[in-house]
Amino acid sequence: MNSPEQPLPTFDEVLLCTPQTSAEQVGLFLRRCLIPCRGGEKIYTMLYADELSYDVSCRAEELFQHLQRYNSSYRLIILCNCERDNSYLPSAFSHYKVHMIPQRSRAEIQQYLQHHFRVAQPSNSAASVFKEHMCVGIVSSERAGMGK
């Protein structure tokens with residue numbers, strides 16, 4: 001995010017974990033991250049790794065320990081809910097733990113995201129529905145089930 005021209009992460013750089021995330025999905029993700037290839041300087045991110053089941057977390061740690069030997073210059077970020085840092089994967093990687101404080105203001109982050117999510121030509125696009133021709137938006141309501 002050092003410049004507006006830096007791209008957003010691609011689909012292969014991010015794994016959004018849920019309790020239903022399989023060991024195979026985590027394994028594929030870790031292989032992309034830890035096996036050296038000519039893909040460039042990607043930063044891989046596992047979001048909500050604390051949500052993984054115990055079995056999947058154990059297998060992920062084993063695979064990480066095995067693959068880590070092949071690449072010493074990997075770039076992996078594992079984000080967890082601080083209230084669940086006692087679950088398996090955050091505990092297993094606790095010696096790598098870094099408390100993160102955002103380096104940019106909220107306004108700067110919003111401006112960067114707006115730059116990347118704005119539709120250039122909003123003709124006949126769903127982006128015309130959202131503020132300032134954004135291709136993403138959040139629709140919320142204080143009352144559940146009101147036709148969102």
Asker: Are Q25 and V56 packed together at the side-chain level, in the sense that at least one heavy-atom pair is separated by less than 4.5 angstrom?
Answerer: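 A side-chain contact under 4.5 Å is absent here.
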
Asker: So which heavy atom on L89 is nearest to which on A49, and how close?
Answerer: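 Between these two residues, the closest heavy atoms are CD2-CB, 3.9 Å.
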
Asker: Search all heavy atoms of G27 against all heavy atoms of L63 and return the closest pair with its distance.
Answerer: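 Smallest heavy-atom distance, with atoms named: CA-CD2, 3.4 Å.
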
Asker: Does Y48 have more than 12 heavy atoms from other residues, nucleotides or ligands lying within 6.0 Å of its OH?
Answerer: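 12 or below, so no.
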
Asker: Identify, with sequence neighbours excluded, every residue that meets side chain to side chain contact (heavy atoms under 4.5 Å, CB included) alongside E62.
Answerer: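 None.
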
Asker: Check the surroundings of atom CD in E83: do more than 12 heavy atoms from other residues, nucleotides or ligands lie under 6.0 Å from it?
Answerer: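 No, CD of E83 has 12 or fewer neighbouring heavy atoms, counting only those of other groups under 6.0 Å.
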
Asker: How close do L76 and F29 get, heavy atom to heavy atom, and via which atoms?
Answerer: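 The pair with the smallest heavy-atom distance is CD1-CE2, 3.9 Å.
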
Asker: Can Y96 be reached from M46 by stepping across I, L, V, M, F, W or Y side chains whose heavy atoms are under 4.5 Å apart?
Answerer: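 In one cluster: yes.
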
Asker: Would you name the heavy atoms of K42 and R75 that are closest together and state the gap between them?
Answerer: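 For K42 versus R75, the nearest heavy atoms are O-CB, 3.6 Å.
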
Asker: For a 4.5 angstrom cut-off between non-hydrogen side-chain atoms, does E51 reach N81?
Answerer: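 When only atoms from C-beta onward are counted, N81 and E51 do not touch, as no gap falls below 4.5 Å.
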
Asker: Quick check for you: to the nearest 0.5 Å, what is the distance between D12 atom CG and L28 atom CG?
Answerer: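 Reported to 0.5 Å precision, the distance equals 11.5 Å.
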
Asker: Taking all heavy atoms of C17 and all of L52, pick out the closest pair and write down the distance.
Answerer: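 In terms of heavy atoms, the two residues are closest at CB-CD2, 3.7 Å.
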
Asker: Look at the side-chain heavy atoms of Ile, Leu, Val, Met, Phe, Trp and Tyr, link any pair under 4.5 Å apart, and say whether L16 and L8 land in one connected group.
Answerer: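 No, L16 does not connect to L8 through the hydrophobic network.
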
Asker: How many angstroms lie between OG1 in T10 and OH in Y44, if you round to the nearest 0.5 Å?
Answerer: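 Going from OG1 on T10 over to OH on Y44, the span is 7.0 Å.
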
Asker: Are V14 and L79 connected in the hydrophobic side-chain network, where two residues link if heavy atoms are under 4.5 Å apart?
Answerer: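 Linked within one cluster.
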
Asker: Taking the side chain as everything from C-beta on, heavy atoms only, tell me whether R84 gets closer than 4.5 Å to P90.
Answerer: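 They are not in side-chain contact.
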
Asker: When you group the ILVMFWY residues by side-chain heavy-atom contacts below 4.5 Å and let the links chain together, are L47 and L113 in the same group?
Answerer: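 No: no chain of side-chain contacts under 4.5 Å links L113 to L47.
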
Asker: Would you say the side chains of S57 and D55 form a donor-acceptor pair under 3.5 Å?
Answerer: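 On atom types as modelled, these side chains do not qualify, holding no pair under 3.5 Å.
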
Asker: In the structure I gave you, are the side-chain heavy atoms of Y112 and R104 within less than 4.5 Å of one another anywhere?
Answerer: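 When only atoms from C-beta onward are counted, R104 and Y112 do not touch, as no gap falls below 4.5 Å.
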
Asker: Between H66 and Y70, how do the two ring planes meet: parallel, tilted or perpendicular, split at 30° and 60°?
Answerer: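 Correct class here is perpendicular.
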
Asker: Could you tell me whether Q111 atom CD has more than 12 heavy atoms of other residues or ligands within 6.0 Å of it?
Answerer: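 12 or below, so no.
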
Asker: Indicate, with yes or no, if I77 and F93 share a hydrophobic cluster defined by side-chain heavy-atom contacts under 4.5 Å among Ile, Leu, Val, Met, Phe, Trp and Tyr.
Answerer: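 In one cluster with F93: I77, no.
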
Asker: Could you tell me the separation between the CG atom of L30 and the CD atom of E61, rounded to the nearest 0.5 Å?
Answerer: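 Here the interatomic distance stands at 11.0 Å.
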
Asker: Near Y54 OH, under 6.0 Å, is it more than 12 heavy atoms from other residues, nucleotides or ligands?
Answerer: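 It does not: Y54 OH has 12 such atoms or fewer within range.
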
